[in-house]
Amino acid sequence: MTAPVFVVDGLDDSHAEFVLDGPEGRHAVSVKRLQPGERIVLTDGAGRWADCEVTATEGKDRLVVHLVSVAEEPPESPRITVVQALPKGDRGELAVETMTEVGVDAVVPWQASRCITQWKGERGLKALGKWRATAREAGKQSRRVRFPEVADAATTKQVAALLAEADFAAVLHESGEEPLARAELPTDGEIVLVVGPEGGVSPEELAVFEEAGAKAYVLGRTVLRTSTAGTAAAALLMGRTGRWS
C-alpha cells in the first residue's frame, strides 16, 4: 500500500463519494497538494479502509474523492504488545513512533519503579495524549490501516496480569540466559514484551513478572536504550513469527 493514508470517522461503502475536510483535508490539499486522478487511502485506524481516487479539490481544506473499494484488514496474528517503561524527555514518543512503523499492535506505558519520568495528573494525561497522537501519525506515515492501541499507564501489578494472560511473555533483562532470537514463539495468540526504563527493571519487578509466567531474555551483546530496545525486539519478533514474510 503506497498511497498516502488519511484518517476519517464513520467510513462505509454506502456512498460512492466522500469529502475529506478539517485538518486531514487541509493536509491533503494544502500540504500534499493532491490533484484529481491521484489515489489515496482513507481509514478509521481500526482496520477498515477504502481505496479512493481524488476527483476534485475545494478551497484549501476539502478533498472530494470517489470510493473505489472498501475493505477490512483483519487483526495480525500473533498479536504483539510492548510494555514500555516511561523514558525521560521525548524518547517515549520516539519509541511509540518507531514501534508503530515496525508493526506493533499495542503499547502499554508502564510506570516502573526506576522511571525518572512520572505521569501524574494533567501532566500524565498530556503525555499519554502525545503518545496516542504519535501512534496515529506514525500509523499514517507507515501506511497502516490498523493503528496500535496505546493503553492507559499501567502499574507493575497490572503489567503482571497482562503477562499472565499472554501466550508468550518476555522481559528484556541482562539476567536472561537465552537470546530472544532463540525463544520458542507461538504462531498465534498474544505476545507481550516488557521493556524497562533507563535504570532497568528492578529485582522486585522482575520477580513479580517471573511469577506471572514471564521469562527474562537478552537481545544481543550490546545494550540498547529503552527508547530503541522495544523497536529492535519487535522487529525480531515480526521476522520470526512470519509477519514480515
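Residue numbers start at 1 and run along the sequence shown. This one's a predicted model, so the numbers in the text were calculated from it and none came from an experiment. Just so it is clear, the values below take in all heavy atoms, side chains as well, and ignore hydrogens, waters and symmetry mates.
Between V64 and E58, some side-chain heavy-atom pair lies under the 4.5 Å cut-off. Residues V194 and V159 have side chains in contact (heavy-atom distance under 4.5 Å, counting atoms from C-beta outward). Taking 4.5 Å as the limit, some side-chain heavy atom of D152 sits within range of a side-chain heavy atom of L128. At a threshold of 4.5 Å between non-hydrogen side-chain atoms, the residues I40 and V5 do not count as touching.
For the 3.5 Å distance criterion, the side chains of T55 and E17 fail to qualify, holding no donor opposite an acceptor. Looking only at atom types and distance, the side chain of S113 has a donor-acceptor partner in the side chain of E205 under 3.5 Å away. Side chain to side chain, E101 and T98 fail the donor-acceptor criterion of an N or O pair below 3.5 Å. A donor-acceptor contact closer than 3.5 angstrom is absent between the side chains of T155 and Q111.
The residues K60 and D21 are annotated as not salt-bridged, no charged nitrogen and carboxylate oxygen being separated by less than 4.0 angstrom. The pair E24-K140 counts as a salt bridge, with a side-chain nitrogen and a carboxylate oxygen less than 4.0 angstrom apart. Under the 4.0 Å criterion applied to side-chain N and carboxylate O atoms, R146 and D44 are not assigned as salt-bridge partners. Using a 4.0 Å cut-off between a side-chain N of Lys or Arg and a carboxylate O of Asp or Glu, E149 and R79 qualify as a salt bridge.
Aromatic ring centres of F18 and F6: separated by at least 6.0 Å. Between F209 and W110, the ring center distance clears the sub-6.0 Å criterion.
With rounding to the nearest 0.5 Å, the separation of CG in L34 from CD in E53 is 12.0 Å.
Residues satisfying the side-chain hydrogen bond (donor to acceptor under 3.5 Å, both in side chains) test with W131, not counting sequence neighbours, are none.
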